[in-house]
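For clarity, every value in this text was computed on a predicted model and none was experimentally measured. Heads up: numbering here begins at 1 and tracks the sequence. When reading the values below, keep in mind they use all heavy atoms of this one structure, side chains included, and skip hydrogens, waters and symmetry mates.
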Amino acid sequence: MALPPLSRPVDAPPARPAASPAGRSAQRPQPRIAVVGGSLTGCATALLLLHAGFTQVTIYEAAPDAAPRGGGLIGLEHPALDILDRLGIHQSEFVAHDSETVRRVTVRARQPIHTLRQLYPGRNTTWTLLHAALATRLPGGVLRTGRRVAALGVHHQRPVLTFGDGSREVADLVVFADGRTSTGRRLLDPSRRLRYAGYVAHRGHAPAPDQPLRDFLRLEPGPGCQYNVAPIPGGLDWTLYLTCSPTAYAHQFGAPPERRTFALPHHVGPAARAHVDAHATRLLPAAHAAIVHATTVRMAVPVMDIDPPTRMAWPAGRGWALLLGDALAPVRPHTARGANNGIEQAAGLVAALTQHHRWGADLAAALHGWQRRHLPAAVAAVQQGPVIGARLGLGHHPHRAAPST
């Protein structure tokens, strides 16, 4: 059955009589909660739900169990770190280097001419380390891999997911945390589509240099380029941002950026390697160009934009469907808000659901409050990305950047 028109907006919840003490969780059945997406936000959402006492939680991940998964550097700010603390995840599990220092270096003619030292209010980790810390805490049977969602409908007033193999699962609440190419966003908010921002984040893991790097280092050689490098276990993680036309992207990675939103190592051929190596040689100090040249396994991510979201929750029968993290609003990596937004939104959602389940709070009103608190931060992060990109002269920047402070 197709999803009916969503005529009950979350920002105008229907009034309901207040629940009596008899309506508290002792008498309230456990809701069935489907989390779509088994990356960072999905795993964090499921763990937070389980930690809060919700027992009917299942993660549906599209990738098969054997699929290789990994990712690069991620900055986690203190609110997100605190949420992980409350889950009992010690920082030593996912933070290999506890430096808070960011060294921002202006480079001209391949030589550093000015260094500004800043402090980052958080810690750096990698997708791989953080995902392992989250996923290993999931009880058996919670994560189901190879389950790609194809459709969302309603059956007997409850949301129902249809998967690529034709099977179906009924839930009371569907949480789409399925990343920047989200199926949930396509189903719930189809007018908001990704669009290419005109530049690429070329990434790689390199062996550690003779003189170990401890801090996060950001090099700015001039318009159209930025280079970030930071220590990770076993070496360095680097990202080189370079302006790139859609035609050039398709030539280097075999498909347009809107279709190949992640260029995996097997997509990075000789043309892409030569392009990055040439720019590293021309723009970066010799030591950092050598780091790029020494990297054998590389990836690339086209930087994408999207219209800011206007809502986070949609009614589906008597249940709800929600968007979290990059599924709601993928942001440019310069903002360092992707993982932070997802984890913070998940914690706020669990607080709202707990008030509903434990104390009988009106669920629509609780979701309205959750949306009111978290939507502005998501919108601000989406809007901030193009401003940063314009300041760096990267990609398309039709509007002049606001002056930096």
Should Leu194 and Glu258 be marked as a side chain to side chain contact (heavy atoms under 4.5 Å, CB included) after you check the CA-CA gap, both sets of side-chain angles, and the distance that decides it?
CA-CA 7 Å; Leu194 295 174; Glu258 293 83 1; 5.9 Å; no
Which value, rounded to the nearest 0.5 Å, describes the distance between Thr125 atom OG1 and Ile232 atom CD1?
10.0 Å
Tyr120 ring center near Phe216 ring center (under 6.0 Å):
no
Derivation of the side chain to side chain contact (heavy atoms under 4.5 Å, CB included) call for His334 and Leu394:
CA-CA 11 Å; His334 308 291; Leu394 285 165; 4.0 Å; yes
Expected output: side-chain Glu61 to main-chain Gly38 donor-acceptor under 3.5 Å
yes
Could you pull out the closest heavy-atom pair between Val303 and Ala201, with the gap in Å?
CG2-N, 4.2 Å
Exam field: side chain Arg108 to backbone Pro221, donor-acceptor pair closer than 3.5 Å:
yes
Residues Arg123, Asp98: salt bridge by 4.0 Å N-O rule:
no
Just checking His202 against Tyr241, ring centres under 6.0 Å apart?
no
Asp172 with Arg318: basic N within carboxylate O range, under 4.0 Å
no
For Leu367 and Leu322 the tightest heavy-atom approach is CD1-CD2, 4.3 Å
Does any N or O in the side chain of Glu220 come within less than 3.5 Å of the main-chain N or O of Gln226, such that one atom is a donor and the other an acceptor?
no
Show the numbers, then the answer: is there a side chain to side chain contact (heavy atoms under 4.5 Å, CB included) between Asn124 and Ile74?
CA-CA 6 Å; Asn124 290 317; Ile74 293 172; over 6 Å; no
Using only atom types and a distance under 3.5 Å, with no angle test, would you say the side chain of Arg203 pairs donor to acceptor with the backbone of Leu73?
no
Just checking His293: does its NE2 atom have more than 12 heavy atoms from other residues, nucleotides or ligands closer to it than 6.0 angstrom?
yes
Validation row: Thr58, Val142 side chains within 4.5 angstrom (heavy atoms):
no
Check whether more than 12 heavy atoms from other residues, nucleotides or ligands sit under 6.0 Å from atom CZ of Arg86, and answer yes or no.
yes
Measure the spacing between CZ of Arg192 and CD1 of Ile306 and express it to the nearest 0.5 Å.
4.0 Å
Is the side chain of His279 donor-acceptor paired with the backbone N or O of His275 at a distance under 3.5 Å, no angle test?
yes
Sidechain N-carboxylate O distance under 4.0 Å for Glu169, Arg158
no
Any carboxylate oxygen within less than 4.0 angstrom of a Lys/Arg side-chain nitrogen, looking at Asp165 and Arg148?
no
For Cys244 and Tyr196, the nearest pair of non-hydrogen atoms, with its separation, is O-OH, 2.7 Å
Quick one: are Leu49 and Leu353 in side-chain contact, heavy atoms under 4.5 Å?
yes
State, yes or no, whether a side-chain contact exists between Tyr199 and Pro302 at a heavy-atom distance under 4.5 Å.
no
Is there a donor-acceptor contact under 3.5 Å from the side chain of Arg110 to the main chain of Leu284?
yes
N-O pairing of Arg137 and Glu93 below 4.0 Å
yes
Taking the six-membered ring of Tyr60, is NZ or CZ of Arg144 closer than 6.0 Å to its centre and within 45° of its axis?
no
Measure across Ala316 and Val154 and return the closest heavy-atom pair with its distance rounded to 0.1 Å.
C-CG2, 3.8 Å
Test item: His97 side-chain N/O and Ser99 main-chain N/O as donor-acceptor pair under 3.5 Å:
no
Run the side chain to side chain contact (heavy atoms under 4.5 Å, CB included) check on Leu375 and Thr310 step by step: do they pass?
CA-CA 8 Å; Leu375 187 60; Thr310 58; 5.5 Å; no
Least distance between heavy atoms, Gly37 atom then Ile59 atom
O-CG2, 3.5 Å
Side chain of Thr335, backbone of Arg332: donor and acceptor closer than 3.5 Å?
yes
When rounded to the nearest 0.5 Å, the distance separating NE2 of His357 from CG of Leu173 is 12.5 Å
Side-chain (Asp215) to main-chain (Leu217) donor-acceptor, under 3.5 angstrom
no
Heavy atoms of Gln345 and Gly325 approach each other most closely as OE1-N, 2.7 Å
Hey, what do you get for OG1 (Thr239) to CZ (Arg218), rounding to the nearest 0.5 Å?
10.5 Å
Yes or no on side chain to side chain donor-acceptor pair (under 3.5 Å) for Ser39 and Trp127, after CA distance, side-chain angles and deciding distance?
CA-CA 9 Å; Ser39 188; Trp127 185 97; 2.9 Å; yes
For the backbone of Gly184 and the side chain of Asp178, can you confirm whether one donor and one acceptor N or O come within less than 3.5 Å of each other?
yes
Could you check if a side-chain atom of Val200 sits within less than 4.5 angstrom of a side-chain atom of Pro257, using non-hydrogen atoms only?
no
Side chains of Ser182 and Arg180 in contact at under 4.5 Å (non-hydrogen atoms)
no
Could you measure the distance from the CG atom of Leu324 to the NE2 atom of His374? Nearest 0.5 Å is fine.
9.5 Å
Tell me, do Asp326 and Thr41 make a side-chain contact under 4.5 Å, heavy atoms counted?
no
Test item: Thr126 and Asp237 side chains (from C-beta on) under 4.5 Å apart, heavy atoms
no
Step by step, work out the salt bridge (Lys or Arg N to Asp or Glu O under 4.0 Å) result for Arg193 and Asp305.
CA-CA 8 Å; Arg193 298 188 178 184; Asp305 284 326; over 6 Å; no
Do Leu152 and Val174 make a side-chain contact, defined as non-hydrogen atoms from C-beta onward lying under 4.5 Å apart?
yes
Can you tell me how the ring of Tyr249 sits relative to the ring of Phe253, calling it parallel under 30°, perpendicular over 60° and tilted otherwise?
tilted
How long is the gap from CH2 on Trp238 to CG on Asn228, to the nearest 0.5 Å?
11.5 Å
